[in-house]
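Small disclaimer: the values here were computed from a predicted structure and weren't measured.
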There are 2 protein chains.
Amino acid sequence: MARKALIENDALIDRLSATFREVGYEGASLALLSEATGLKKASLYHRFPGGKEQMGLEVLQEAGRWLGNHVLKPLAGEGTPRERIAAMTSELDSFYQGGRQACLLNLLSSPIGEESPFKATIRQMFEAFVEALASVIAEAGCTPAVARDRAEHGVALIQGSLVLARGLGTTKPFRKTLDVLADELLADLEARA
Amino acid sequence: MARKALIENDALIDRLSATFREVGYEGASLALLSEATGLKKASLYHRFPGGKEQMGLEVLQEAGRWLGNHVLKPLAGEGTPRERIAAMTSELDSFYQGGRQACLLNLLSSPIGEESPFKATIRQMFEAFVEALASVIAEAGCTPAVARDRAEHGVALIQGSLVLARGLGTTKPFRKTLDVLADELLADLEARA
DNA sequence: GTCTATAGTAAGATAGAC
DNA sequence: GTCTATCTTACTATAGAC
């Protein structure tokens, strides 16, 4: 490359991500994204020829990588189910800043019927999250069907407590949810732990 | 009034509400709102001199009235705690069409720090919902603090299962949540029922 | 790779006829 | 009360200099 980039790729995606999470996809104008990244609009188009839609997709893909490294990997890693879930909640707590940050999967979600460039990616991320969580719960000693229900329950709780925290203007619901999540997902299991 | 309105006030608010719930506040352009209501933009401005922001506020106020009549009232009404919660879930199921419709309180929510014309109203609605639910749970036999935590938990579950249902493209998480909600909120209570 | 400048379009909002 | 027509602004996106 002839000239040096003013902002590293990772930092760039990070700023874009933060902006989408603050104001939503529709609310994130190129002027706002330009301000957030320190790059002029034309420079953003140089980096993302596909415009705002490509920015959304790359931000979502980066979120997918984060999910893999900080959620799916701990869940599939070493330790008891309880320890692995605790490792996950710890990561979620710092990622969402205790509930001060919203979730891209909520803010980039499209209407249930409509097509959107993000729909398939978001669905896969939710699916991967639920499946990884179900797998850990099943290991603690229950049927796959029960584990799946509990996992969906857990993901819903995380998402919903973020929504409620934003609505009430306090991080308490999110932190409380993270506190009790392992107990809830593993209730009446761990018989042989 | 000299000329007759092409669309009744209630129906008008209803169409606006549906549009905001489908595409979000930022995503709902006046062109889209015009198409959804059958009224031209200038006619919308005649009815809502404050423009889109006033539309959002009135839609939110109507949602508040709906919450009062279909959620808070049943929760404060006759019957056992379990019966009252069941009455509420039944209302929620039809309102959200089993999870096919998103929630205004999520789609009109603003960033946790930012000011927005909707923030106070949304906070009050969440607060009223949580308090009404907490009141019923406390009646079933627990301390106010425990009831409050469980109520926040319940509201988070409802919101989160709507988010998850939209993300996964299936209504199952929402229906499942409604199915088990009363059991969950009243677990280990109802000792004297 | 970043910029200024600008094209082209769609946004929110108003004026005034009927 | 609703409309057509229009204004102004903000948007996404591109062209071309450095």
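- For the pair A:L39 CG and D:dT12 P, the interatomic distance rounds to 16 Å; values are reported in whole Å.
- Residue B:Y45 places at least one side-chain N or O closer than 4.0 Å to OP1 or OP2 of C:dA13.
- When each of B:R65, B:R47, B:K52 is tested with B:E58 by the rule salt bridge (charged side-chain N to carboxylate O under 4.0 Å, His left out), just one qualifies, namely B:R47.
- Atom P of nucleotide C:dG12 and atom CG of B:L16 are separated by 13 Å, given to the nearest angstrom.
- Here the P atom of nucleotide D:dT14 and the CD atom of A:Q54 are 12 Å apart, to the nearest Å.
- Judged as a salt bridge (charged side-chain N to carboxylate O under 4.0 Å, His left out), not a single pair has a partner in residues 24-33 of chain A (not counting sequence neighbours).
- Considering only the side chain of B:S43, D:dT2 comes nearest among C:dC3, D:dT2, D:dT4.
- Between the B:R166 side chain and the B:V163 main chain, no donor and acceptor come within less than 3.5 Å of each other.
- Between the NZ atom of A:K40 and the P atom of C:dC3 there is a distance of 6 Å, rounded to whole Å.
- Across the protein-nucleic acid pair, B:L44 atom CG and C:dA11 atom C1' stand 14 Å apart, rounded to whole Å.
- Taking hydrophobic clusters as Ile, Leu, Val, Met, Phe, Trp and Tyr residues chained together by side-chain heavy-atom distances below 4.5 Å, B:L6 shares a cluster with B:Y45.
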Using the 3.5 Å cut-off, write out each protein N or O paired with an N or O of nucleotides 15-18 of chain C and the distance between them.
from: C:dC18; atom 1: O2; to: B:R3; atom 2: NH2; distance (Å): 3.0

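- Distance B:E35 CD to C:dA10 P: 14 Å, rounded to the nearest Å.
- By the salt bridge (Lys or Arg N to Asp or Glu O under 4.0 Å) test, B:K40 pairs with no residue at all, sequence neighbours left out.
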Name the pairs: protein N/O against N/O of nucleotides 6-11 of chain D, kept only if under 3.5 Å.
from: D:dC11; atom 1: OP1; to: A:S29; atom 2: OG; distance (Å): 3.4

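- Qualifying side chain to side chain contact (heavy atoms under 4.5 Å, CB included) partners for A:R82, counting only residues two or more places apart in sequence or in other chains: A:T80, A:A182, A:D183, A:L186, A:E190.
- Between the A:R175 side chain and the A:K172 main chain, no donor and acceptor come within less than 3.5 Å of each other.
- Between the CG atom of A:N9 and the P atom of C:dT2 there is a distance of 10 Å, rounded to whole Å.
- With hydrogens and angles disregarded, no donor-acceptor distance shorter than 3.5 Å links the side chain of A:S135 to the backbone of A:E131.
- A side-chain donor-acceptor contact under 3.5 Å links A:S161 to the backbone of A:L157.
- Clustering ILVMFWY residues whenever any of their side-chain heavy atoms sit less than 4.5 angstrom apart, transitively, puts A:L107 in a cluster other than the one holding A:L105.
- Taking 4.0 angstrom as the limit, A:H46 places a side-chain polar atom (N or O) nearer than this to OP1 or OP2 of C:dG1.
- The line from CG of B:L92 to OG1 of B:T177 is 11.0 Å long, rounded to the nearest 0.5 Å.
- A residue-by-residue look at A:P49 and B:I7 shows that B:I7 has its nearest nucleotide of DNA chain D further toward the 5' end.
- When the C1' atoms of four end pairs are superposed on the next four at each end of the helix from C:dG1-D:dC18 to C:dC18-D:dG1, using five pairs per end, the two resulting axes differ in direction by 0°, to 10°.
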